[in-house]
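Model, not experiment: these values are computed from the prediction. Just follow the structure's listing: the first ligand is 1, and inside any ligand the first atom is 1. Below, all heavy atoms of this structure are taken into account, side chains as well, without hydrogens, waters or symmetry copies.
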Amino acid sequence: LKKLVIAIDGPAASGKSTTARLIAERLGYLFVDTGAMYRAMTFKVLEQQLPLDDVEAIARLAERTEIQLRHQNNQLRVFLDGRDVTSEIRSPRVTRAVSAVSSIKQVREMMVREQRRMGEKGRIVLEGRDIGTEVFPDANLKVYMTAEVFERARRRQKDLQQQGIGVPVDELAREIADRDRKDSEREVSPLRQAPDAIVLDTSNMTIDEQVETIVRKVRSLTGSVS
Ligand code: CDP
């Protein structure tokens with residue numbers, strides 16, 4: 001069987017993580033949430049109280065930072081310098097600051113190096129913004145997942161509610177649109193659709209349908225019917 005690399009990119013809250021995780025489970029592949037890595041770096045910047053526009057200080061901090069994704073009990077956990085920050089990185093404060101931190105070239109270089117290392121052996125699903133365009137431009141399957149912004153805001157509201165955080169849907173829609181704009185307009189590896197990506201608009205799709213669509217594509221590539 002071929003050892004595939006599957007790249008899933010797209011705007012904020014488009015369902016990439018959930019879908020990528022389930023696909024990886026179905027195929028027995030490794031799942032890498034690259035946004036979690038940028039979030040962990042951002043958490044450290046906030047904790048150290050560095051101004052978000054101090055690019056040099058953040059770049060230096062990145063050199064002294066170790067971010068690891070570990071799979072424990074079927075869960076992906078994020079470690080920042082050896083400390084588990086899996087829940088902390090989902091806070092609205094981190095979400096607001098992450099686009100600024102992830103626009104810094106040195107931060108991206110460090111993350112991309114680690115992501116390529118994880119993907120060396122294939123059998124991996126990575127999701128983010130620049131996987132198909134920058135991290136693995138030769139990925140075997142590229143999916144660009146998107147959905148209408150209000151639908152994405154509604155989904156994010158549900159996620160946050162489960163963590164006991166209540167945010168009005170319009171506020172989330174504004175935050176999501178603002179982050180998409182920043183992620184698409186930045187100079188280094190902006191969010192964009194790879195020319196050879198399959199577009200999946202999930203506005204009217206269930207998670208199961210999303211997973212099924214992609215798994216079917218993968219199976220047609222591997223020639224496996226199982
Ligand atoms: O889950 P959500 O859609 O809110 O975002 P995420 O996937 O956790 O990504 C958080 C942020 O990290 C994005 O808004 C980007 O600024 C940045 N990111 C990136 O620059 N490149 C990636 N490959 C993944 C995330």
Can you confirm whether more than 12 heavy atoms, excluding those of R93, are under 6.0 Å from its CZ atom? no

Quick check on E56: does its CD atom have over 12 non-hydrogen neighbours (other residues, nucleotides or ligands) under 6.0 Å away?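 No, CD of E56 has 12 or fewer neighbouring heavy atoms, counting only those of other groups under 6.0 Å.
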
[Y]/[X] salt bridge by N-O under 4.0 Å criterion:
{"X": "R90", "Y": "D159", "result": "no"}
{"X": "D180", "Y": "R152", "result": "yes"}
{"X": "R117", "Y": "E120", "result": "no"}
{"X": "R174", "Y": "D170", "result": "no"}
{"X": "R154", "Y": "E151", "result": "yes"}
{"X": "E88", "Y": "R83", "result": "no"}

For [atom], closest protein heavy-atom neighbour:
{"atom": "atom 25 (C) of ligand 1", "answer": "G35 CA, 3.5 Å"}
{"atom": "atom 10 (C) of ligand 1", "answer": "R179 NH1, 3.5 Å"}
{"atom": "atom 14 (O) of ligand 1", "answer": "D183 OD2, 2.6 Å"}
{"atom": "atom 24 (C) of ligand 1", "answer": "T34 OG1, 3.3 Å"}
{"atom": "atom 23 (N) of ligand 1", "answer": "D130 OD1, 2.8 Å"}
{"atom": "atom 3 (O) of ligand 1", "answer": "A13 N, 2.7 Å"}
{"atom": "atom 17 (C) of ligand 1", "answer": "S102 OG, 3.5 Å"}
{"atom": "atom 7 (O) of ligand 1", "answer": "R129 NH1, 3.1 Å"}

Proximity to ligand 1 by part of Q115, non-hydrogen separation under 4.0 Å: neither

Atom indices of ligand 1 within 4.0 angstrom of V98 heavy atoms, with elements: 10 (C), 11 (C), 12 (O)

Near A12 (heavy-atom distance under 4.0 Å), the atoms of ligand 1 are 3 (O)

Does M111 come within less than 4.0 angstrom of ligand 1, counting non-hydrogen atoms of the residue? no

Looking at ligand 1, does S99 have a heavy atom less than 4.0 Å from it? yes

Do side-chain atoms of T86 reach the backbone of V78 as a donor and acceptor pair under 3.5 angstrom?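 Answer holds: yes.
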
Kindly work out whether a path of hydrophobic side-chain contacts (I/L/V/M/F/W/Y, heavy atoms less than 4.5 Å apart) joins L80 to V112.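 Yes.
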
Would you mind finding which of R108, K16, R156 brings a heavy atom closest to atom 2 (P) of ligand 1? R156

Looking only at N/O atoms, are S14 and ligand 1 under 3.5 Å apart anywhere? no

